[in-house]
**Student:** 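The structure is given below, and queries will be raised subsequently.
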Amino acid sequence: MKNIVILISGRGSNMEALIAARDAGDLPVNIAAVISNRPDAAGLETAARAGIVTHFVNHKAFAGRESFDAALAECIDQFAPDLVVLAGFMRILSDGFVRHYEGRLVNIHPSLLPSFPGLHTHQRALDEGVRIHGCTVHFVTPTLDHGPVIIQAAVPVLDGDSEATLAARVLCEEHKVYPQAVRWFAEGRLRLEGGRVRLDAGMAEGAVLISPEVR
Ligand code: GAR
């Protein structure tokens with residue numbers, strides 16, 4: 001069974017979705033550890049309650065990005081993960097860190113990348129007037145919120161949506177696509193090859209989830 005390490009910075013609802021999928025028997029992985037860069041991340045308590053080893057590596061204790069990333073990698077590597085899963089981990093990662101985990105580092109982002117990398121994605125989607133919004137799971141490259149796309153989910157932007165209602169609609173889809181992407185990896189069906197995502201035959205169809213309202 002594949003070993004995964006999950007990195008969080010806050011609430012940890014995507015992490016919870018992964019734990020729930022594992023507990024339901026839908027995600028054949030060993031969640032070896034949950035690591036946060038913030039000691040007060042609410043998700044750390046949730047993970048501990050689920051019996052998962054937790055750690056925090058406080059970025060404020062380091063002089064620069066490289067030294068923090070080196071300490072973080074040391075913490076991660078003691079668990080020998082096959083896959084490192086960024087689940088609301090709100091840090092820009094150094095090139096060296098990203099290279100070290102090439103092909104085994106994935107992220108979820110609350111927009112249909114390459115639109116709206118960075119912060120405040122839902123408000124920016126509303127401001128632009130886009131009719132379709134969503135989320136993306138991708139392999140991580142040194143560019144922020146960028147990299148070969150594994151799966152996306154699309155939701156409609158409805159008249160009268162606020163940032164909060166749109167965020168909630170997207171989050172609901174995040175909780176479906178992230179376990180799906182990690183499941184593909186766990187089953188050996190997903191890999192990065194020459195900078196492109198390879199999903200085993202028959203799986204590509206599953207790489208987009210479109211809510212019925214968008215269809
Ligand atoms: C999620 O919406 C995730 O997509 C986003 O942070 C939130 C974390 O929520 N990640 C990013 O914006 C990364 N650029 P969670 O802690 O409840 O999973």
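Each ligand, and each atom within it, is numbered from 1 in the order the structure gives.
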**Student:** Without hydrogens or angle criteria, can the side chains of T136 and H109 be said to hold a donor-acceptor pair below 3.5 Å?
**Tutor:**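 Side chains of T136 and H109: no pair found under 3.5 Å.
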**Student:** Could you tell me which residues satisfy side chain to side chain donor-acceptor pair (under 3.5 Å) with N30, sequence neighbours excluded, listed by chain and number?
**Tutor:** N3
**Student:** Below 4.0 Å from any atom of ligand 1, which residues have a heavy atom? Give them in chain and number order, please.
**Tutor:**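 Residue list for ligand 1: R11, G12, S13, N14, G88, M90, I108, H109, P110, D145, E174.
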**Student:** Pair up each side-chain donor or acceptor in residues 60-78 with any protein partner under 3.5 Å, not counting sequence neighbours, and list the distances.
**Tutor:**
| unit_1 | atom_1 | unit_2 | atom_2 | d |
| --- | --- | --- | --- | --- |
| R65 | NH1 | I92 | O | 2.8 |
| S67 | OG | G64 | N | 3.4 |
| S67 | OG | G64 | O | 3.1 |
| D69 | OD2 | S94 | N | 2.7 |
| D69 | OD2 | S94 | OG | 2.6 |
| D77 | OD1 | Y101 | OH | 2.8 |
| D77 | OD2 | H100 | NE2 | 2.7 |
| Q78 | NE2 | C75 | O | 3.1 |

**Student:** Are the side chains of L86 and L93 in touch, meaning some heavy atoms are under 4.5 Å apart?
**Tutor:**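 Of all side-chain heavy-atom pairs linking L93 with L86, at least one is under 4.5 Å.
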**Student:** When you look at CD of E45, are more than 12 heavy atoms from neighbouring residues, nucleotides or ligands closer to it than 6.0 Å?
**Tutor:** no
**Student:** Return a table of donor-acceptor pairs under 3.5 angstrom between the side chains of residues 17-29 and protein atoms on other chains or two or more places apart.
**Tutor:**
none

